J.: 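Take this structure, written in structure tokens, and hold onto it; I'll ask about it next.
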Amino acid sequence: AVVNGAWSSQGSSLVVLPGALSDGVYTVSVYPVDVMGNSGALSFSFTLDAAVPAAQSLVMSPTSPHKAENATFVVTFSEDMSATVQPVLSFSRCLLCDTFAVPSGTWTTGKTWQGAYLFSANNGDGSYSIKITGAKDKAGNVMTDKSLPDAFVLDTTAPPAPGLDPVTTPTNVRNQL
């Protein structure tokens, strides 16, 4: 397809400012001809990506509820992401509560990031919301922040010990327990 736009020359460069382009792959072909009739050809292609990436899914292993344990977070994005930019995955029980973050992670595929966190009693028991921010796609578009309310439950408190009647000692009753 022919794309209309403004053409100009700046020194020995030809500059084109195309009209609005949608995301996709484009090929530019130029066929210059000088005053003597000599001609040449030049072509190049580029990909336009202005779409904002998004986190499509989050899987935790093991699944909720969690005890004091190591948990893995796997985030899948809508498109291939920049491997040089780590997303920030943070979680909190409430707006004024402490916020914790997965300290680091790795890109396992172009669209999938994985990180781990060791839960402890210091995190505090309760229902946690997760926020994923900061990742960029290969074109440099920053992701749309993703919030997941009540994403998991943390329960590190041991149940109360059962009540037992004390054993009288010494005893001659065989089934006193």
Side-chain angles (χ1 to χ4, degrees), residues 1-10 13-31 41-120 123-124 126-154:
V2 174
V3 176
N4 294 319
W7 292 84
S8 65
S9 62
Q10 293 178 356
S13 298
L14 181 62
V15 177
V16 61
L17 299 172
L21 298 175
S22 58
D23 285 3
V25 177
Y26 291 89
T27 300
V28 176
S29 299
V30 179
Y31 304 98
L42 171 68
S43 290
F44 64 91
S45 296
F46 67 94
T47 301
L48 178 63
D49 175 8
V52 176
Q56 290 184 315
S57 68
L58 169 71
V59 176
M60 291 181 70
S61 179
T63 58
S64 181
H66 296 281
K67 58 185 179 180
E69 64 188 353
N70 197 38
T72 301
F73 297 80
V74 178
V75 181
T76 303
F77 291 88
S78 58
E79 61 182 280
D80 283 348
M81 304 296 284
S82 171
T84 62
V85 179
Q86 297 286 316
V88 175
L89 191 147
S90 58
F91 49 94
S92 180
R93 287 181 292 149
C94 66
L95 186 60
L96 299 177
C97 296
D98 289 336
T99 299
F100 304 95
V102 173
S104 64
T106 57
W107 290 98
T108 58
T109 70
K111 293 182 179 184
T112 305
W113 178 86
Q114 178 176 310
Y117 188 86
L118 179 59
F119 293 120
S120 72
N123 293 112
S127 179
Y128 280 81
S129 296
I130 293 176
K131 188 171 184 180
I132 306 166
T133 62
K136 293 181 179 182
D137 67 13
K138 290 184 175 185
N141 301 309
V142 179
M143 70 172 286
T144 301
D145 291 355
K146 176 84 168 189
S147 294
L148 303 161
D150 300 318
F152 67 91
V153 172
L154 182 62

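Numbering of residues begins at 1 and proceeds along the displayed sequence. Small disclaimer: the values here were computed from a predicted structure and weren't measured.
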J.: List the steps and the verdict of side chain to side chain contact (heavy atoms under 4.5 Å, CB included) for V75 and K146.
T.: CA-CA 11 Å; V75 181; K146 176 84 168 189; over 6 Å; no
J.: Determine yes or no for a side-chain-to-main-chain donor-acceptor pair under 3.5 angstrom, with N141 supplying the side chain and D49 the backbone.
T.: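 Such a contact is found between N141 side chain and D49 backbone.
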J.: Considering all heavy atoms of both residues, which atom of L48 and which atom of S22 are nearest to each other, and what is their separation?
T.: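 In terms of heavy atoms, the two residues are closest at CD2-O, 3.5 Å.
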J.: Any side-chain heavy-atom pair from H66 and M60 closer than 4.5 angstrom?
T.: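 H66 reaches M60 side chain to side chain.
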J.: Within the distance-only criterion (no hydrogens, no angle test), does the side chain of T76 pair as donor or acceptor with the backbone N or O of S57 below 3.5 angstrom?
T.: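 Between the backbone of S57 and the side chain of T76 there is no qualifying donor-acceptor contact (under 3.5 Å).
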J.: What are the two closest heavy atoms between A68 and S120, and how far apart are they?
T.: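 The answer is CB-CA, 4.1 Å.
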J.: How long is the gap from CZ on F91 to CG on D98, to the nearest 0.5 Å?
T.: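 F91 atom CZ to D98 atom CG measures 11.0 Å (nearest 0.5 Å).
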J.: More than 12 heavy atoms of other residues, nucleotides or ligands under 6.0 Å from CG of L95: yes or no?
T.: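 For L95, atom CG is not crowded (no more than 12 foreign heavy atoms under 6.0 Å).
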J.: Are a donor atom and an acceptor atom from the side chains of Y128 and N123 found within less than 3.5 Å of each other?
T.: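 Per modelled atom types, Y128 and N123 side chains form no pair under 3.5 Å.
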J.: Distance alone, cut at 3.5 Å: any donor-acceptor contact between the side chains of S127 and D150?
T.: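 Judged by distance alone, the side chains do pair up.
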J.: Do you know which two heavy atoms are closest between K111 and D80, and how far apart they sit?
T.: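 Nearest pair, atom of K111 first, then D80: CG-OD1, 3.4 Å.
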J.: For the residue pair L89 and L58, establish whether any side-chain heavy-atom pair is separated by less than 4.5 Å.
T.: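 They are in contact (side-chain heavy atoms under 4.5 Å apart), so the answer is yes.
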J.: So which atom in A135 and which in V85 form the shortest heavy-atom distance, rounded to 0.1 Å?
T.: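 What the structure gives for the nearest pair is CA-CG1, 4.1 Å.
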J.: In Å and rounded to the nearest 0.5 Å, what is the CG to CZ distance from N70 to F119?
T.: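 N70 CG to F119 CZ: 9.0 Å, rounded to 0.5 Å.
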J.: Counting distance only, does the side-chain N/O of S64 pair as donor-acceptor with the main-chain N or O of V153 below 3.5 Å?
T.: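 Confirmed, S64 side chain pairs with V153 backbone.
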J.: Out of curiosity, T106 OG1 to Q114 CD, how far, rounded to the nearest 0.5 Å?
T.: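 If I round to the nearest 0.5 Å, the distance is 5.5 Å.
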J.: State the CG-CE distance between D137 and M143, to the nearest 0.5 angstrom.
T.: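 If we round to the nearest 0.5 Å, D137:CG and M143:CE are 11.0 Å apart.
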J.: Can you see which heavy atom on S129 is nearest to which on P149, and at what distance?
T.: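 Closest approach of S129 to P149: OG-CA, 3.3 Å.
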J.: Between A41 and Y31, what is the shortest heavy-atom contact and its length?
T.: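 Here A41 and Y31 meet closest at CB-CD2, 3.8 Å.
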J.: So how far is it from K131 NZ to T99 OG1, rounded to the nearest 0.5 Å?
T.: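 One gets 9.5 Å once the value is rounded to the nearest 0.5 Å.
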J.: May I ask you to decide if the ring planes of F46 and Y26 are parallel, tilted or perpendicular, using 30° and 60° as cut-offs?
T.: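 Aromatic pair F46/Y26 classed parallel.
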J.: Rounded to the nearest 0.5 Å, how far apart are NZ of K136 and CE of M81?
T.: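 That separation rounds to 10.5 Å.
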